[in-house]
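Remember, it's a predicted structure, so these values are computed and weren't measured experimentally. Start at 1 and go down the list; that is how both ligands and their atoms are numbered.
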Amino acid sequence: MLKLFSSCLRKSQRLGTWDARQTNRIGIAMNYLPTFMDVRGRKALVVGGGSAGLSKMRLLNRAGAEVTIVAPFADSEVANTARSGKVKWLPRRFDSGDVVGCVVVFAATGNKTIDTCVVEAASKTGIPINVVDNPHLSTFITPSIVDRSPVVIGISTGGSAPVLARRLRGSIEAMLPDRLGELASFASKFRSAVSQNIPVVARRRFWENFFDGFIASKILAGHGPEAQVAMEQSIRDGNSDVCGSVSIVGAGPGRRDLLTLRAFHLLQDADVVVYDRLVGPEIVDLARRDARLIDVGKMPGCYVRDQKEINALLAHHASQGRRVVRLKGGDPLIFGRGGEELDYLCARGISVEVVPGITAALGSAAVSGIPLTHRKGVHAVTLVTGHGAVDEAGVDWADVARGTGTLVIYMGTAKAKAIAARLIDGGRRANTSVAIVERATLPGERIVEGTLCELGKLIKKHRIVAPAIIIVGDVVAARNVLKGHSFEKLERII
Ligand code: SAH
């Protein structure tokens, strides 16, 4: 106990005195009081009209303050905003009387003598003062903010590491859905209706279900009117967890950070994640800890569950009120049977959303530095499947071969030799450049280059395994060998 107390009694570095502040779990005390100040309609002063003053003016303006800027010269945006009547600009030097009646003052002249005068004037009457980039002269500092008003998140390192604060801000920005503010406003609009209709004991649960559930996901997806109807219904029923939904989500070509933010948010909210073989564990791991993960690992020719079963599985979980994420490699609507799942679920009246992903063609082109189109004569790209027997009715290879556009062949390695023959028969030059991209964006990624007539041999010789894509066309010869990042490890085999 004594030890604990003495750890709290520390010498304050800044003030040079003993203080008795409580510390956090690792024994560090707060240097600043985190607060949000209501400045709406109240006077605020900014001294200085350069870029620092401008950013403080913008901040105060957003928060609804009545802003006055004192500066002999000012940024054109300050002048324009003043002309429009949104702020007041006094084009002269600072006078100590300027602080009178203000609830907050910013000194942003960059001139220590003037800033010190502003500090003295503000301090005399106890007005909170911030000197830009000078926490020692300031009585408060401004945090980095993530603004999803009315949700605002302030981040501060107490002035110790501003770059870290900016990094954190970036991570939080990416993590939070764009429409978070709309969600908060929506909830606020219904607060009194919920209070009137839902008994106190059930109210917290109601709101928890609301934020975790279908209605919130509709708002975040931008379907406000649908959410409105569902909310009115759920208030009548006393239950906000009205119905489940399915999001058919593209997971991209493999690398976790090639996932879209929407995919990431949906994964974090999902009750059930139904995923394919092509989706790696590092992506599936992004799901909530208590989400149910169902591997429907579709191997070519060896279906763990057939499509009918998968459709039924999705519908079953959604109809139990769960939020289901159907996670598919690449883009769900490109050789992914996402369209069939969409049809099945829509026909049963289940709420469905499709979230695009980076398809393997684009992932492979990016890692291999192959432009899929070229200003000098390559004006089209065809994505085609090589799955199934080449001689069976299916892909019309003669048609695909026509023209000079780039061909990107999915699932084509097993039949590569026959496909190449069809393409040459159809008119493609035997020496057309080809690239085979194996495991694009994933560890062990490889790129093999050659010509169309040797495609089959290349695949055999280099023991190419799935997933791999074949790119056919003159653009392959225009490929740039990318340097840096993970691309350094690319093998240029031929
Ligand atoms: N919907 C997916 C495609 C599914 S079909 C998409 O849009 O990408 C599966 C085929 O995609 C594989 O056989 C392979 O040809 C290709 N593929 C998927 N991921 C790949 C990767 N990381 N590298 C190369 N090819 C890939």
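- Between Leu442 and ligand 1, not a single N/O pair is under 3.5 Å apart.
- The single protein non-hydrogen atom nearest to atom 1 (N) of ligand 1 is Ile334 O, 2.6 Å, given as residue, atom name and distance.
- Scanning all protein heavy atoms for the shortest distance to atom 7 (O) of ligand 1 gives Thr359 OG1, 2.6 Å.
- Side-chain atoms of Lys218 and Gln228 include no donor-acceptor pair closer than 3.5 Å.
- Remark: ligand 1 and Thr441 share no N or O pair separated by less than 3.5 Å (distance only, no angle test).
- Aromatic pair Phe210/Phe206: ring centres not closer than 6.0 Å.
- Considering backbone and side-chain atoms alike, Gly329 places an N or O below 3.5 Å from some N or O of ligand 1.
- Regarding atom 12 (C) of ligand 1, its nearest protein heavy-atom neighbour is Met411 CG, 4.0 Å.
- Here the straight-line distance linking atom CH2 of Trp397 with atom CD1 of Ile424 works out to 12.5 Å at 0.5 Å rounding.
- For the pair Lys328 and ligand 1, no heavy-atom separation below 4.0 Å is found.
- When each of Arg288, Arg289, Arg322 is checked for a salt bridge (charged side-chain N to carboxylate O under 4.0 Å, His left out) with Asp271, only Arg288 meets the rule.
- Ala440 N, 3.6 Å is the protein heavy atom nearest to atom 21 (C) of ligand 1.
- Between atom CE of residue Met231 and atom CD of residue Glu226 there is a gap of 15.0 Å, rounded to the nearest 0.5 Å.
- Scanning the protein heavy atoms around atom 17 (N) of ligand 1, the nearest turns out to be Ala360 CB, 3.3 Å.
- Under 4.0 Å from ligand 1, the heavy atoms of Ala468 that appear belong solely to its backbone.
- Side chain of His265 to main chain of Met175: a donor-acceptor pair is present (N/O by atom type, distance under 3.5 Å, no hydrogens or angles).
- Asp133 CG: 12 or fewer foreign heavy atoms inside a 6.0 Å radius.
- Between Arg348 and Asp343, no side-chain nitrogen of the basic residue sits less than 4.0 Å from a carboxylate oxygen of the acidic one, so the salt-bridge criterion is not met.
- Atoms of ligand 1 lying under 4.0 Å from any heavy atom of Phe335, numbered from 1 in the order shown and given with element: 4 (C), 5 (S).
- For the pair Ile409 and ligand 1, the shortest N or O to N or O distance does not fall below 3.5 Å.
- Nearest protein heavy-atom contact of atom 9 (C) of ligand 1 is Leu278 CD1, 3.7 Å.
- Scanning the protein heavy atoms around atom 20 (C) of ligand 1, the nearest turns out to be Pro467 CB, 3.6 Å.
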